[in-house]
Amino acid sequence: MLTVTEDTEFVLPTDKKGRIIHVTHQLPFSVSHDHKEDERLTWTFTPRQGHAAMYAGMFSLNDEWETVCIGWTGNIQERSHLTSEDINKYDIDGSSLSDTEKEAMKTQLKSNNCIPLLLDSDSVSGHYYGYCKTLLWPLFNYLIWNDATDGRIEKYQWEKYVEVNNRYADLVVENYQEDDIIWIHDYHLLLLPDILRQRLPKARIGLFVHSPFPSSEIFRCLPKRQEILKGMLGANLVGFQTYANSRHFISTSTRVLGYESTPDGVEYEDHFCHVGTFPIGIDVEAVDSIRKSADVVPKINAIGEMYSDKKIIVGRDKLDLVQGVLQKLAAFEKFLMDYPQWQNKVVLIQVTDSSNSENNSKHEHKVSEMVAHINGTYGSLEFTPVHHYHHQIETDEYYALLSSADAALITAMRDGMNTSSLEYVMCQQEKHGSLILSELTGTAGSMSSALLVNPWDYSAVAKAIHEALLMSEEEKLQRHEQLLAHVKSNTTSFWAHSFIRMLVRACLLSEQSKNTPKLKMDYLIDKYHKATKRLLCFDYDGTLTPIQKTPMAAVPPEDMLVYLQKLCEDPRNEVWIISGRDENTLTNWLGHIENLGMSAEHGSFMRYPGTSKWINLTEHFDMSWKNDVLEIFTYYTERTTGSFIEHKRCALTWHYRMADPDYGPFQAKECQNHLEQAILSKLPVEVLVGKKNLEVRPSAVNKGEILKKLIVSNGDPFDFVMCCGDDRTDEDMFKILKKADFNEEQSFSVMIGPEDRQTQAVWYLPTVQQLIDALGLIADSINE
């Protein structure tokens, strides 16, 4: 227990990387006051129960960063001493505190690097118990509400959710310092990233969602779905526990909002929101220390003596609808029924915690009835098969229980990341007990050595219990070692540091791609003249010729052809067209230009300068994926008037330039999501989002690989490289050029389009004609 009375300012040590502001729903400490003091000037802070992994991860950053935590105080308790042993506790409304009492609390919490937010009971009721627990939490756990009202209650709760998020924002802005990192946690504060983005445009903001995130079909049931998504997209990085949750968020952003997306994130207004997967772990050292402590070991021995002739199965869950306690009990009854030889030999010790939900009394009653039914059917005066403890147990009792068990049974139907399974593995380093884990939990994807079960299949769960209890010591040891290696390598510290590293990297990428300067012609011509060996690479559509409604209408402008010919005539130049067009089209339009190199279908084919032969770089690739992609493209073509499919030798392209301007992009998002879920996960291809088109091609082929080949294969090194393009397919070239061994005076990557478009290019030109004029200037300057 910690009592603090001193006033301590936040001082940034010189050896720290910077400062992180953690914004959590509740502070890591519970706040209480002793009633014996007339005025509340001395407050007591104790570590908060629950969310131990999150808080441990936050604290682990203290070795490299200065950290500050902003959050609600939680329910503040007044403690009155009835006797020397009995203490009565009751809640204090934070708004009822005097200014002096509030200031005393703030001053003392500052010593723990915490900044409190005091909320009145109406705000807590509307925000936390209202919108968070009755709307967001069920939806995120795939539970659709069935008790909707006329909308007045939901409207009130939404207003409180917005109000509380704005109050958090006020406190963050008040304490924000330049270059701070802001890390926001969980679904209670989903509006906060965008609110802060509006008030602190240059802030580095991360959001981590600890709960699951549903598929778009579920999420779109939320009346305020667009506001929630836009709030989240204000972050530079949004993190989730599993890849499935990340994919659902990206898919939902494209389907509900219509925003452009890639597997890395979502484009939102003037910035790119990166999306990543960061599975949380546990504080391995702390758990290991506690389980070996003098408080735990005697309890382990006591449990062993109590159940010396019994096998112990342990479970600990919150008593809510998604933790699968009822399913666990039903499966245990099925186990006793199907394997009667285990009756009177196995005991299930189930610990349940209150979920702080007002709607779980019926569920609690059902669990109690189920426990009574099993004990009445399979129990006796001497033996009770199910021991159900519905209260918060102490940490030492919990770890003693985990250490004593022969198996752990976790049957959650939906879970962000079940840390009980990780703690069980740490506590089983002597017994090597089996872990029976629901395949629907977030941890299942990374704990394949557990016995994975479907919690709805009671027979399969019963069989898994039977197998776990009969498993040989060799197999238990082998499985445990694999699980233990995963738990020890994926700790809370690893989780927190990984998220912050990714957030810093995402912010750097965003800063590099913003404020792209317009190409300075005098500077370009000067460096061009000084060079002795030049490489000039140009995209075609949208770069050397304007985008047209139909692909075959994009004929090359006459002045552009003249300038290209002049550039090719200079022996110091190597000029290439690197396009998504097929080789026949490029030959018909540009094949007459002498010494022009060409690459077709985004790098699938090459024709070197001075030859007329096309080389197929993908002739050894398996193209059987085309049938699956063609089936999907045909489906959307039939349902999107004005769209059509372009067949290339190594790619398939779906165009929707002539489709309805609203419906076409909508269908493109649907098609993209369909491709990413049905094709990308099993075939070696990628989806390119172009201007009014989607193209599927082999993932090992892109324009960047062609540029890399040209740079590496040249005998004399280039001292001037210029790459020009206008869409995402050209970003591969810009990335390669950025990584290549050229200084800024030798490399010119030029994006054709608006200056605020996110790009890896160093320069931009607004229009195709301005690029053509620039080519004319450098071509004519040779003869001056």
Side-chain angles (χ1 to χ4, degrees), residues 18 20-23 57 61 179-187 189-198 200-211 213 216 219 228-280 416 494-516 669 672-673 676 680 686-689 728 731-732 734-735 738-739 756-761:
I20 298 172
I21 299 178
H22 293 287
V23 190
L61 294 167
D179 294 329
D180 278 353
I181 290 176
I182 303 171
W183 188 359
I184 302 163
H185 294 266
D186 225 1
Y187 63 94
L189 303 170
L190 297 182
L191 299 179
L192 187 55
D194 196 51
I195 296 173
L196 292 175
R197 180 66 59 207
Q198 304 302 322
L200 302 168
K202 296 183 179 180
R204 297 183 287 178
I205 303 171
L207 168 67
F208 191 85
V209 182
H210 294 262
S211 67
F213 195 89
S216 59
F219 189 84
I228 293 291
L229 284 174
K230 289 179 180 178
M232 298 173 70
L233 290 170
N236 297 96
L237 173 64
V238 179
F240 295 93
Q241 300 276 14
T242 67
Y243 173 71
N245 292 333
S246 298
R247 192 182 72 243
H248 288 161
F249 175 69
I250 293 174
S251 172
T252 302
S253 298
T254 61
R255 288 171 181 259
V256 174
L257 298 175
Y259 291 156
E260 296 278 343
S261 67
T262 72
D264 295 327
V266 182
E267 285 190 12
Y268 173 56
E269 294 183 351
D270 61 343
H271 88 115
F272 186 81
C273 175
H274 293 260
V275 178
T277 303
F278 307 89
I280 200 170
F494 178 78
W495 164 74
H497 284 81
S498 297
F499 184 88
I500 291 298
R501 277 197 302 270
M502 182 62 190
L503 176 56
V504 171
R505 181 172 173 271
C507 293
L508 286 174
L509 288 173
S510 297
E511 289 166 8
Q512 290 170 4
S513 62
K514 285 183 178 178
N515 305 318
T516 308
K669 302 291 187 305
Q672 181 187 351
N673 284 316
E676 288 176 350
L680 292 192
E686 62 182 347
V687 180
L688 298 179
V689 181
R728 285 189 181 173
E731 293 295 323
D732 294 324
F734 301 152
K735 289 177 184 175
K738 183 178 286 189
K739 294 177 182 177
D756 58 354
R757 179 188 295 168
Q758 185 179 14
T759 180
Q760 296 288 330

In short, I250 meets P263 closest at the heavy-atom pair CD1-O, 3.6 Å
The reported gap from CD1 in I500 to CZ in R204 (rounded to nearest 0.5 angstrom) is 9.0 Å
Shortest non-hydrogen separation from P193 to G231 and the atoms involved = CB-O, 3.1 Å
Rounded to the nearest 0.5 Å, what separation is found between the CG atom of L229 and the OG1 atom of T254?
-> 10.0 Å
Under 4.5 Å between any side-chain heavy atoms of L257 and K230, yes or no?
-> yes
Would you tell me whether R197 and N236 have side-chain atoms, one donor and one acceptor, within less than 3.5 Å of each other?
-> yes
S251 and R247: side-chain donor and acceptor closer than 3.5 Å?
-> no
Please test H185 against H22 for side-chain contact (heavy atoms from CB on, under 4.5 Å), starting from the C-alpha separation and ending with a verdict.
-> CA-CA 8 Å; H185 294 266; H22 293 287; 3.6 Å; yes
I184 CD1 to L196 CG distance, which is reported to the nearest 0.5 Å | 5.0 Å
Taking all atoms of both residues into account, what is the closest heavy-atom pair of Y187 and S211, and its distance?
-> CD2-OG, 3.9 Å
Compare all side-chain heavy atoms of L233 with those of D194 and state whether any distance is below 4.5 angstrom.
-> no
What about the rings of H497 and F499, do their centers lie closer together than 6.0 Å?
-> no
Answer with yes or no whether the side chains of E731 and T759 bring together a donor and an acceptor at under 3.5 Å.
-> yes
F219 ring center near F213 ring center (under 6.0 Å) = yes
Heavy-atom distance under 4.5 Å between the side chains of I280 and Q241, does that happen here?
-> yes
Test log, rule side-chain contact (heavy atoms from CB on, under 4.5 Å), inputs F249 and M232 = CA-CA 10 Å; F249 175 69; M232 298 173 70; 3.6 Å; yes
Heavy-atom pair with the smallest gap, counting every atom of M502 and L237 = CG-CD2, 3.7 Å
How are the rings of W495 and W183 set relative to one another: parallel (under 30°), tilted (30 to 60°) or perpendicular (over 60°)?
-> tilted
Between the NE2 atom in H248 and the OG1 atom in T242, the distance rounded to the nearest 0.5 Å is 8.0 Å
Ring centroid separation for F278 and F240, is it under 6.0 angstrom?
-> no
Assess whether side-chain contact (heavy atoms from CB on, under 4.5 Å) is satisfied between H274 and V238, documenting all intermediate values.
-> CA-CA 6 Å; H274 293 260; V238 179; over 6 Å; no
What is the minimum heavy-atom distance between D186 and L190, and which atoms define it?
-> O-CD2, 3.7 Å
Heavy atoms only: give me the nearest A496-G57 pair and the separation to one decimal.
-> CB-O, 3.2 Å
What distance separates L200 CG from Q198 CD, expressed to the nearest 0.5 Å?
-> 10.5 Å
Hey, mind stepping through D180 and I20 against side-chain contact (heavy atoms from CB on, under 4.5 Å) and telling me if it holds?
-> CA-CA 6 Å; D180 278 353; I20 298 172; over 6 Å; no
Output the distance between atom CG (L207) and atom SG (C273), rounded to the nearest 0.5 Å.
-> 8.0 Å
Do you see a donor-acceptor pair shorter than 3.5 Å between the side chains of K735 and Q760?
-> no
